[in-house]
Amino acid sequence: MTTIKLHNTRTRTKEDFVPIDPDNVRMYVCGPTVYDRAHLGNARPVVVFDVLYRLLRHVYGAEHVTYVRNFTDVDDKINATALARKQAGAEGTLEQLVQERSDETIGWYLHDMCALGTLEPNEMPRATQFIAQMIAMIEDLIAKGHAYAAEGHVLFAVDSWKESYGKLSGRSVDDMIAGARVEVAPYKKNPMDFVLWKPSTDELPGWDSPWGRGRPGWHIECSAMSYELLGESFDIHGGGNDLMFPHHENEIAQSKCAHPHGEFARVWLHNEMLQVEGKKMSKSLGNFFTVHDLLEQGVPGEVIRFVFLQTHYRKPMDWTEKKAREAERTLRKFYAQAAQGVGYGEPHPQIVNFLADDLNTAGAIAELHQLSIADDVVGLRHSLQFLGLLGKDVPSWADTASVDLSAHADRLAKARVSAMENKDFSEVDRLKAAYVAAGLEVRMSKEGVELVPGAGFDAAKLEEV
């Protein structure tokens with residue numbers, strides 16, 4: 001059996017992955033808060049842990065792996081969006097509009113992540129489906145002296161777990177107090193104490209509890225859902241490194257205090273953040289966009305995924321237009337070769353070996369190039385499928401193998417030479433406009449002319465040129 005090595009954030013080392021039960025390998029990944037469409041940074045952990053999910057299924061068998069990724073569907077941002085809709089005249093109660101917004105956003109999320117070639121997890125729980133379990137866990141924490149009620153709130157007492165709090169992120173409690181922006185509240189015994197339950201108004205979503213009508217804090221959600229679906233000990237917990245503190249630290253504190261005999265998560269994996277053209281993605285910089293935006297602009301989901309896979313998950317990833325263009329060109333070449341094979345099969349062993357080495361996707365991509373050079377169409381096809389870059393058939397946007405684009409490129413190049421001599425560029429302009437209308441990107445340089453099919457390429461339109 002393939003030995004998988006993973007870098008465990010908790011121990012700061014790369015370790016052999018040894019599941020608690022090889023017949024029941026369990027992974028939990030923090031999912032989105034569903035108030036709007038997923039931006040490109042939100043998609044990176046989805047792709048990272050989809051690769052790990054595929055690897056675990058390959059090594060242990062699909063029926064022996066359980067992958068849970070949650071939806072946070074109770075949140076101030078969701079409430080604010082619903083309130084704005086109600087103020088704009090939308091029908092229904094505010095609670096109904098919150099539910100409507102959550103349903104809508106979850107649908108968008110699943111559609112966009114599917115476009116990136118990701119498999120759906122085995123379980124996709126919503127926080128609102130586990131309120132009773134959260135209340136029960138909070139009551140247990142109070143009874144054990146790890147939490148306390150104050151002014152309609154319930155807070156976790158960090159002092160009750162002080163000796164272990166901060167080990168995941170490598171910070172002391174004093175350092176965290178000094179460096180963190182913590183909510184100042186008179187009912188807190190310690191500035192680092194965090195909310196397990198908070199009051200809710202009659203209009204906003206809320207549930208009856210021993211502490212009055214209210215709703216859960218963010219951190220308790222994952223602790224309750226992972227316990228109910230995976231037990232008090234499971235194998236892998238993942239997410240972006242922005243969640244390491246405070247979210248994952250708080251999850252550990254709650255879960256270990258509620259279930260002191262369990263391990264909670266044995267292995268912790270965190271992916272690095274995403275940049276755009278070398279800068280942090282930000283609306284103020286104008287480089288903020290969602291997965292949906294890219295798909296609408298004609299960037300195929302397979303291209304987005306391929307760009308992601310070129311960078312190791314523990315390194316910052318830089319999204320650039322140049323990388324996207326190069327990825328599309330490479331995938332078209334791979335697909336033209338893979339189309340010569342049929343069906344599904346085993347990936348090339350070296351692809352598996354690279355992924356088993358702490359998800360070395362960059363190495364796996366390099367191996368795809370080697371398979372392409374060797375014209376190993378079967379190995380290339382099955383390896384592309386294993387990496388989530390190919391389904392049963394070549395995607396329609398890349399199915400251009402029968403189109404002789406070189407002839408059209410030569411035609412435009414000759415027209416360009418003639419125009420330079422005659423100072424009449426009307427034919428060049430006509431051809432360029434026709435090729436663009438057919439969905440081709442026209443690239444003209446000193447080296448020559450290149451025509452690159454885009455996602456909306458329509459070969460039939462070339463007959464009119």
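Residues take their numbers from the sequence shown, with the count starting at 1. As a basis for the values below, the full set of heavy atoms in this structure was taken, side chains included, without hydrogen atoms, waters or symmetry mates. Remember, predicted model here, so these are calculated numbers, not experimental data.
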Give a yes or no on whether the backbone of Gly152 and the side-chain of Lys198 come within a donor-acceptor separation of less than 3.5 Å. no
Just checking Glu63: does its CD atom have more than 12 heavy atoms from other residues, nucleotides or ligands closer to it than 6.0 angstrom? yes
Where the side chain of Ser200 meets the backbone of Pro205, is there a donor-acceptor pair that is under 3.5 Å apart? yes
Would Glu100 and Arg85 pass as an ion pair if we require N to O under 4.0 Å? yes
Take Glu249 and Ser169 through the test side-chain hydrogen bond (donor to acceptor under 3.5 Å, both in side chains) and record every step on the way to the result. CA-CA 7 Å; Glu249 289 284 11; Ser169 56; 2.6 Å; yes
side-chain hydrogen bond (donor to acceptor under 3.5 Å, both in side chains) contacts in which one or both residues fall within residues 19-33, not counting sequence neighbours: Tyr28-Asn70
Donor-acceptor pair, Thr311 side chain versus Val307 backbone, under 3.5 Å? no
Would you say that more than 12 heavy atoms from the other residues, nucleotides or ligands in this model lie under 6.0 Å from the OH of Tyr35, or not? no
Give the minimum heavy-atom separation between Ala115 and Leu295, together with the two atoms involved. CB-CD1, 3.8 Å
Ignoring hydrogens and angles, tell me if any N or O in the side chain of Glu232 forms a donor-acceptor pair with the backbone of His259 under 3.5 Å. no
Can you see which heavy atom on Arg12 is nearest to which on Gly170, and at what distance? NH2-N, 3.2 Å
Start with the C-alpha gap between Phe49 and Tyr67, add the side-chain angles, then the distance that decides, and say whether ring-ring contact (aromatic ring centres under 6.0 Å, His included) holds. CA-CA 9 Å; Phe49 291 103; Tyr67 173 21; 7.7 Å; no
Could you go through Trp218 and His247, starting from their C-alpha distance and side-chain angles, then the distance that decides it, and tell me whether this counts as side-chain contact (heavy atoms from CB on, under 4.5 Å)? CA-CA 8 Å; Trp218 175 34; His247 186 52; 3.7 Å; yes
Could Lys283 and Phe288 be counted as a cation-pi pair, given that NZ or CZ must be under 6.0 Å from the ring centre and within 45° of the axis? yes
Lys189 bridged to Asp159 by N-O distance under 4.0 Å: no
Using the side-chain contact (heavy atoms from CB on, under 4.5 Å) rule, take Leu359 and Leu55 through it: C-alpha gap first, then chi angles, then the decisive distance, then the call. CA-CA 9 Å; Leu359 304 185; Leu55 176 63; 4.1 Å; yes
Smallest separation among heavy atoms of Thr128 and Ile131, with atom names: O-CG1, 3.6 Å
Run the ring-ring contact (aromatic ring centres under 6.0 Å, His included) check on His270 and His248 step by step: do they pass? CA-CA 10 Å; His270 292 91; His248 289 164; 5.0 Å; yes
side-chain hydrogen bond (donor to acceptor under 3.5 Å, both in side chains) between Asp75 and Thr72, intermediate numbers included: CA-CA 7 Å; Asp75 181 82; Thr72 293; over 6 Å; no
Main-chain N/O of Gly240 paired to Arg44 side chain as donor or acceptor, under 3.5 Å: no
Could you tell me whether Lys323 and Glu321 have a side-chain N and a carboxylate O separated by less than 4.0 Å? no
Any donor-acceptor pair under 3.5 Å from Asn241 side chain to Glu272 backbone: no
Working for side-chain hydrogen bond (donor to acceptor under 3.5 Å, both in side chains), residues Thr66 and Glu123: CA-CA 8 Å; Thr66 302; Glu123 300 280 354; over 6 Å; no
Hey, is Arg215 close enough to Asp76 for a salt bridge, meaning N to O under 4.0 Å? yes
With a 6.0 Å cut-off on the ring centroids, do Tyr344 and His382 count as close? no
Backbone N/O of Trp268 and side chain of Thr9: donor-acceptor pair under 3.5 Å: yes
Looking only at non-hydrogen atoms, find the nearest pair between Gln254 and Ser223 and report the distance. NE2-OG, 2.8 Å
Could you walk me through whether Phe289 and His39 pass the ring-ring contact (aromatic ring centres under 6.0 Å, His included) test, one step at a time? CA-CA 6 Å; Phe289 42 83; His39 60 68; 9.5 Å; no
Can you establish whether the number of heavy atoms outside Lys280 located under 6.0 Å from its atom NZ is more than 12? no
Would a 4.5 Å heavy-atom cut-off, applied to side chains only, mark His237 and Phe264 as touching? yes
Lys/Arg cation over aromatic Trp108: Arg37, 6.0 Å, 45° cone: yes
Given side-chain contact (heavy atoms from CB on, under 4.5 Å), test Arg443 with Glu441 step by step and report yes or no. CA-CA 6 Å; Arg443 301 175 185 172; Glu441 180 185 349; 3.0 Å; yes
Please check this pair: side chain of Lys256 against backbone of Gly262, looking for a donor-acceptor N/O pair closer than 3.5 Å. yes
Is the shortest side-chain N to carboxylate O distance from Asp358 to Arg314 below 4.0 Å? yes
Which heavy-atom pair separates Val303 from Ala327 by the least distance, and what is that distance? CG1-CB, 4.0 Å
Where Glu251 and Cys222 come nearest, the two heavy atoms and their spacing: OE1-CB, 3.2 Å
Are Glu302 and Trp397 linked by a side-chain donor-acceptor pair shorter than 3.5 Å? yes
Is the NZ or CZ atom of Arg57 both under 6.0 Å from the centre of the six-membered ring of Tyr53 and within 45° of that ring's axis? yes
Name the orientation class of the two ring planes belonging to Phe156 and Phe194 (parallel below 30°, tilted from 30 to 60°, perpendicular beyond 60°). parallel
Check the pair Phe71 / Tyr109 against ring-ring contact (aromatic ring centres under 6.0 Å, His included), numbers first and verdict last. CA-CA 10 Å; Phe71 289 113; Tyr109 182 86; 5.7 Å; yes
How about His111 and His292: are their ring centres within less than 6.0 Å of each other? no
Main chain of Gly391, side chain of Gln385: is a donor-acceptor contact present, judged purely on distance under 3.5 Å? yes
Tell me if the centroids of the rings in Tyr313 and Phe308 come within less than 6.0 Å of each other. no
Run Ile106 and Arg126 through side-chain contact (heavy atoms from CB on, under 4.5 Å) and show every step you take. CA-CA 10 Å; Ile106 288 172; Arg126 299 188 185 197; 3.4 Å; yes
Kindly state whether the ring of His146 and the ring of Trp161 have centres lying under 6.0 angstrom apart. no
Going through the distances and angles, do Asp193 and Tyr148 end up as a side-chain hydrogen bond (donor to acceptor under 3.5 Å, both in side chains)? CA-CA 10 Å; Asp193 292 350; Tyr148 58 94; 2.7 Å; yes
For Val452, is there any backbone N or O sitting under 3.5 Å from a side-chain donor or acceptor partner on Arg325? no
Salt-bridge present (Glu104, Arg101; N to O < 4.0 Å): yes
Charged N to carboxylate O under 4.0 angstrom, Glu263 versus Arg266? yes
Only one of Ile304, Thr361, Leu309 passes side-chain contact (heavy atoms from CB on, under 4.5 Å) with Val47, and that residue is Leu309
Before we go on, tell me: are the rings of His153 and Tyr187 under 6.0 Å apart, centre to centre? yes
Do Gln297 and Leu294 touch side chain to side chain, with heavy atoms closer than 4.5 Å? yes
